[in-house]
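Side-chain atoms are counted along with the backbone in the values below, which use heavy atoms only and exclude waters and symmetry mates.
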Amino acid sequence: MLQTLRNAWKIPDLRRRILFTLMMLIVFRFGAHIPVPYLSTEAMQAFLGNGGTDLFSLFDVFTGGAFSNATVMAMGVSPYINASIIVQLLTVAIPSLERLAKEGVEGRKKINKITRYLGIALAFVQGAGLYVTLYNMGNAITNPSVLTFFVIVLTFTAGTAFIIWLGELITEKGLGNGVSLIIFAGIVSRIPTAAYNLYQMKLSTGVTAGGLVFLAAVVIVAIVAITFVVFFSDAERRIPVQYAKRVVGRKMYGGQSTNIPIKVAAGGVMPIIFASSIMAFPATIVRLVTGGNMPQTGLGYYILGCLSAGYASQWWTSVVYAVLYALLILFFTYFYSSIQFNPIELANNMKKSGGYIPGIRPGKPTSDYIGKISSRLNLIGAFFLAVIAIMPVIVGAIFNITSLQIGGTSLLIMEGVALETVRQIESQMTMRHYKGFLE
């Protein structure tokens with residue numbers, strides 16, 4: 001990876017793209033420290049410190065602490081991501097959107113425009129909901145009024161719109177996917193704070209056997225998780241395909257052998273994001289209704305403990321949370337794969353092109369064969385995602401560390417964005433060093 005970056009730095013065009021990307025990420029980090037008028041930072045941090053892992057905690061991780069610091073970019077790109085998911089799901093259900101998706105570049109531009117406007121609208125709605133929650137706290141908003149409402153909500157919305165614009169600029173003039181790189185920068189910016197918290201925890205425990213076991217467990221979990229992620233992210237099953245020879249005019253086409261690669265973790269981090277959002281939804285609603293006051297006793301305390309990692313202090317609530325989390329990841333892995341991958345359409349396209357899988361008849365037998373392989377790979381991928389997501393939860397429950405509860409999601413995002421960016425750099429270098437037959 002470092003060798004790839006060194007080689008890319010020697011190419012003037014790639015060097016300009018790298019510098020532009022870095023400058024835009026620096027602008028994003030500067031914007032993450034501009035405070036919102038009429039909003040108390042201490043109240044926001046107290047709101048997040050009431051316990052548990054909910055959607056607001058995810059916001060804070062993805063925005064690099066901008067949410068807890070009550071800055072203009074507190075909402076981050078989460079409204080845009082939600083809009084992308086909604087549009088993607090509606091593309092399957094609405095024929096007009098499905099036709100746009102099949103129109104090529106122009107159709108994708110129109111879908112991106114719809115997603116952008118929907119993301120800004122969702123940012124306004126989420127900002128309004130956050131204002132109502134902070135207003136119910138009593139001390140978060142310094143001067144409650146109609147003017148204050150519009151100032152805070154429009155500031156949140158403008159911050160999200162600015163981040164979306166930065167992401168599109170990075171995608172167009174920089175390297176990699178702009179929105180993904182912004183999320184990557186936000187997560188990476190939280191690493192020094194997490195390391196400092198672990199250091200403080202070591203100081204509080206002292207250099208004892210328990211402290212050494214704690215540090216060793218954190219290091220081992222990090223190494224195993226990174227190894228798992230790197231290995232499974234590029235793992236794929238290649239289905240051999242043979243194309244029959246066809247004579248068109250005086251030319252003969254086909255006759256070559258190729259393969260269809262199917263990723264083991266085709267859904268990437270999306271099943272984990274879906275599952276964590278569903279698990280965090282009840283705690284988020286409770287906070288919105290009560291103004292951040294979570295129950296500390298009774299049945300509601302244990303129910304939220306089973307749905308929110310690190311909230312309840314009982315070991316069995318962490319076990320229930322891990323089991324429910326794993327089952328949701330399994331469900332959303334198959335759900336997301338059914339949306340992204342259609343074996344029937346793939347088999348029909350192969351049949352039209354004269355392709356077939358050796359030993360499998362074209363048509364329905366081919367689609368059934370591909371569907372069976374995809375189902376088995378989804379099971380392996382779901383198990384992999386569940387292990388990555390639950391491992392920090394188990395370590396956090398054993399050592400009472402709430403900062404590790406969403407480490408699996410962050411790790412998957414960072415690894416996926418880093419590998420994809422390196423692949424794009426390598427493809428850009430390949431195009432610039434390619435010599436044709438006439439050179």
- Item | Between CG on residue L181 and CE on residue M24, distance to nearest 0.5 Å | 12.5 Å
- Tell me, do S367 and E345 make a side-chain contact under 4.5 Å, heavy atoms counted? no
- Task: To the nearest 0.5 Å, tell me how far L377 CG sits from I370 CD1.
- Result: 11.5 Å
- Message: Tell me whether the rings of F335 and F331 are parallel (<30°), tilted (30 to 60°) or perpendicular (>60°).
- Response: parallel
- Task: Heavy atoms only: give me the nearest T115-S84 pair and the separation to one decimal.
- Result: CG2-OG, 3.4 Å
- Query: Can you name the one residue among V153, I152, T160 that meets side chain to side chain contact (heavy atoms under 4.5 Å, CB included) with F156?
  - Reply: I152
- Task: Any chance you could measure K113, atom NZ, to R116, atom CZ, to the nearest 0.5 Å?
- Result: 8.0 Å
- For residues 145-160, the salt bridge (charged side-chain N to carboxylate O under 4.0 Å, His left out) pairs (sequence neighbours left out) are none
- Message: Test side-chain contact (heavy atoms from CB on, under 4.5 Å) on V87 and L118; report intermediate values, then the result.
- Response: CA-CA 9 Å; V87 172; L118 180 59; 3.9 Å; yes
- Message: For Y38, is the OH atom crowded, meaning more than 12 foreign heavy atoms sit under 6.0 Å from it?
- Response: no
- Message: In the structure I gave you, are the side-chain heavy atoms of T148 and Y131 within less than 4.5 Å of one another anywhere?
- Response: yes
- Salt-bridged, R238 to E236, with N to O below 4.0 Å? yes
- Query: Is any side-chain heavy atom of L14 less than 4.5 Å from a side-chain heavy atom of L175?
  - Reply: yes
- Query: I329 versus F383: any side-chain heavy-atom pair under 4.5 Å?
  - Reply: no
- Item | Close side-chain approach of M75 to L130, heavy-atom, < 4.5 Å | yes
- Can you measure from OG1 (T171) to CD (Q424) and round to the nearest 0.5 angstrom? 8.5 Å
- Query: For atom OH of Y334, is the number of surrounding heavy atoms from other residues, nucleotides or ligands below 6.0 Å larger than 12?
  - Reply: yes
- Message: Does R376, at its CZ atom, have more than 12 non-hydrogen atoms belonging to other residues, nucleotides or ligands within less than 6.0 Å?
- Response: no
- Do you know the tightest heavy-atom contact between R29 and G186? NH1-CA, 4.5 Å
- Does a side-chain heavy-atom distance below 4.5 Å link L122 with I86? yes
- Query: Taking C-beta and beyond as the side chain, do N82 and Q126 meet within less than 4.5 Å on heavy atoms?
  - Reply: yes
- Query: Which residue pairs satisfy the salt bridge (charged side-chain N to carboxylate O under 4.0 Å, His left out) criterion with at least one member in residues 169-188, sequence neighbours excluded?
  - Reply: none
- Any side-chain heavy-atom pair of V72 and F162 under 4.5 Å: no
- Query: When rounded to the nearest 0.5 angstrom, what is the spacing between CG in N69 and CG in L39?
  - Reply: 11.0 Å
- Task: Quick one: do I114 and L97 satisfy side-chain contact (heavy atoms from CB on, under 4.5 Å)? Show the steps, please.
- Result: CA-CA 10 Å; I114 296 173; L97 289 177; 4.1 Å; yes
- Query: Okay, side chain of T333, backbone of P271: is any donor-acceptor separation there less than 3.5 Å?
  - Reply: no
- Item | Smallest separation among heavy atoms of G174 and T21, with atom names | CA-OG1, 3.3 Å
- Task: Please round to the nearest 0.5 Å and tell me the distance separating atom CZ of F28 and atom CD1 of I182.
- Result: 6.0 Å
- Task: Look at the side chain of S375 and the backbone N and O of G371, then say whether any donor-acceptor pair between them is shorter than 3.5 Å.
- Result: no
- Query: So which heavy atom on I163 is nearest to which on G76, and how close?
  - Reply: CD1-CA, 3.7 Å
- Non-hydrogen atoms of A386 and A326 that approach each other most closely: CB-CB, 4.1 Å
- Query: For I344, does the CD1 atom sit with more than 12 other heavy atoms under 6.0 Å from it, leaving out its own atoms?
  - Reply: no
- Test item: T71 side-chain N/O and P35 main-chain N/O as donor-acceptor pair under 3.5 Å: no
- Contact summary for V179 and Y80, nearest pair of heavy atoms: CG2-CE2, 3.7 Å
- Task: Show the numbers, then the answer: is there a side-chain contact (heavy atoms from CB on, under 4.5 Å) between V241 and M350?
- Result: CA-CA 9 Å; V241 178; M350 288 174 53; 3.9 Å; yes
